[in-house]
Protein chains: 2
Amino acid sequence: MAGTEFDLEGFLPYLLNQAAETTGREFAAAYRGRYAMTRTQWRVMAHLGRFGAMTAAEICRRAMEEKTGVSRSVQALEDRGWLIRGAVAEDRRAEALSLTPSGREVYDALAAEAIRFDALLRARLGEARAAGLAEALTALVSAARD
Amino acid sequence: MAGTEFDLEGFLPYLLNQAAETTGREFAAAYRGRYAMTRTQWRVMAHLGRFGAMTAAEICRRAMEEKTGVSRSVQALEDRGWLIRGAVAEDRRAEALSLTPSGREVYDALAAEAIRFDALLRARLGEARAAGLAEALTALVSAARD
DNA sequence: GCTTGATTGTTGCCAATGCAACCGTTACAA
DNA sequence: TTGTAACGGTTGCATTGGCAACAATCAAGC
């Protein structure tokens, strides 16, 4: 056996997964139950609602999603009338995606839900620890982007 | 619009998912590539390797996995000769799962890999921030268990 | 202009996941 | 003892997700 024993409970990827899954599941009840929406669909809506019109490739880069999932989510959201595709002047391959008015209503409701849930999580941790957590997570993500 | 605008980039579940997915993917290369193993299979092995013989239900509780996934992982690991099922004296429904010698070899290799990867992540963050992160994640998980 | 390589988005296919229903066993209470 | 609920584990089925291959478009060099 090597010098150090493996400590599963302190293994960062394991802890990250556990935390992401528990909080994710808890929040998913908000959109799965009410709107029967996929995690990827919610992410697409969140990006469009938060940052305005954007192409699918741009969502992929920002949200770190597979283009397959984004493509299918866009299709589904369009079928529901929550999203429209527009042309991009400079590039005929790309599509400018944006929310319809009813899509925006859904986004607003979910964003309000998200704000509440985030506040709950931060209350559970205490504001100082929550801020440190967010900062460390951001650092992890950007460090891995190399 | 409500008093506060929704801040996607600071939304804890979003950050948690991003961090978990990037680090998870990075580490998954270690077991997917070398041993063609599923995330759930790796978790089952990790628990058995770390904590010794255990029933499937116990793994579910500790790892927060669905019993379906654990059941299929156990089957797959048994087929590969990395795991054996034993009887539990007091309960004829349950099975005591444990690693075979060759299963332990695989576990040892992966655990060493995990130790290296964890050290890399902690180096990226700095030890103080890493410790704070682990502590906050643990708190989040146990708070959600209510 | 033409060719080559990268990029945008879609589709087919297979692996992985989750839910619900199920069987056998156990615990417990009337 | 017998009936009922809970628990451990498996299986079927539908959904989700990712990879690879593809058509269309763009960009850059010759």
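Below, read A as the first sequence line, B as the second, and so on, with proteins coming before strands; counting in each chain starts at 1. Just so it is clear, the structure is predicted and the values come from calculations on it, not from any experiment.
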**OP:** Select from B:R85 and B:R25 the residue whose nearest nucleotide in DNA chain D is closer to the 5' end of that strand.
**Re:** B:R85

Under the ring-ring contact (aromatic ring centres under 6.0 Å, His included) rule, what pairs show up with a residue in [range], not counting sequence neighbours?
range	answer
residues 54-73 of chain B	none
residues 121-141 of chain A	none
residues 98-117 of chain B	B:F27-B:F117

**OP:** Find out whether B:M54 and B:L97 are in side-chain contact, i.e. whether some heavy atom of one side chain is under 4.5 Å from a heavy atom of the other.
**Re:**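 No, side chains not in contact.
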
Subject >> Heavy-atom side-chain contact between B:S73 and B:L83 under 4.5 Å >> reply: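 They are not in contact (no side-chain heavy atoms under 4.5 Å apart), so the answer is no.
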
Subject >> Contact boundaries on DNA chain C for chain A, cut-off under 4.0 Å to non-hydrogen atoms >> reply: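 Range of nucleotides within reach of chain A: C:dT7 to C:dG18.
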
**OP:** Give the cluster check for B:V70 versus B:F51: same hydrophobic cluster or not, with ILVMFWY residues linked at side-chain heavy-atom distances below 4.5 Å.
**Re:**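 Yes, B:V70 connects to B:F51 through the hydrophobic network.
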
**OP:** Would you indicate what B:R32 reaches in the nucleic acid, counting non-hydrogen atoms under 4.0 angstrom: base, sugar-phosphate, or nothing?
**Re:**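 Here B:R32 touches no strand at all.
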
How would you list, by chain and number, every residue that makes a salt bridge (charged side-chain N to carboxylate O under 4.0 Å, His left out) with [X], sequence neighbours excluded?
X	value
A:E26	A:R124
B:E66	none
B:E127	B:R122
A:R80	none

Subject >> Ring geometry between B:W42 and B:Y31 (parallel below 30°, tilted from 30 to 60°, perpendicular above 60°) >> reply: parallel

Original post:
Is there a donor-acceptor pair under 3.5 Å between the side chain of A:S102 and the backbone N or O of A:G81?
Top reply: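 Checking the backbone N and O of A:G81 against the side chain of A:S102, a donor-acceptor pair under 3.5 Å is found.
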
May I have the list of side-chain donor-acceptor pairs in residues 128-136 of chain B shorter than 3.5 Å, sequence neighbours left out?
{"from": "B:R129", "atom 1": "NE", "to": "B:L125", "atom 2": "O", "distance (Å)": "3.1"}
{"from": "B:R129", "atom 1": "NH1", "to": "A:E135", "atom 2": "OE1", "distance (Å)": "3.0"}
{"from": "B:R129", "atom 1": "NH1", "to": "A:E135", "atom 2": "OE2", "distance (Å)": "2.6"}
{"from": "B:R129", "atom 1": "NH2", "to": "B:L125", "atom 2": "O", "distance (Å)": "3.3"}
{"from": "B:E135", "atom 1": "OE1", "to": "A:R129", "atom 2": "NH1", "distance (Å)": "3.1"}
{"from": "B:E135", "atom 1": "OE2", "to": "A:R129", "atom 2": "NH1", "distance (Å)": "2.7"}

**OP:** Within residues 40-71 of chain B, find the residues that approach DNA chain C with a heavy atom at under 4.0 Å, and present them sorted by residue number.
**Re:**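 Within residues 40-71 of chain B, the residues near DNA chain C are B:T40, B:E66, B:T68.
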
**OP:** Could you check which residues of residues 87-99 of chain A get a heavy atom under 4.0 Å from DNA chain C? Sort them by number, please.
**Re:**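 DNA chain C contact set from residues 87-99 of chain A: A:R93, A:A94, A:E95.
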
Original post:
Using a heavy-atom distance cut-off of less than 4.0 Å, which residues of residues 13-22 of chain B contact DNA chain D?
Top reply: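 None, since no heavy atom is under 4.0 Å.
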
Original post:
Tell me: CZ of A:R72 to C1' of D:dT15, nearest whole Å?
Top reply: 11 Å

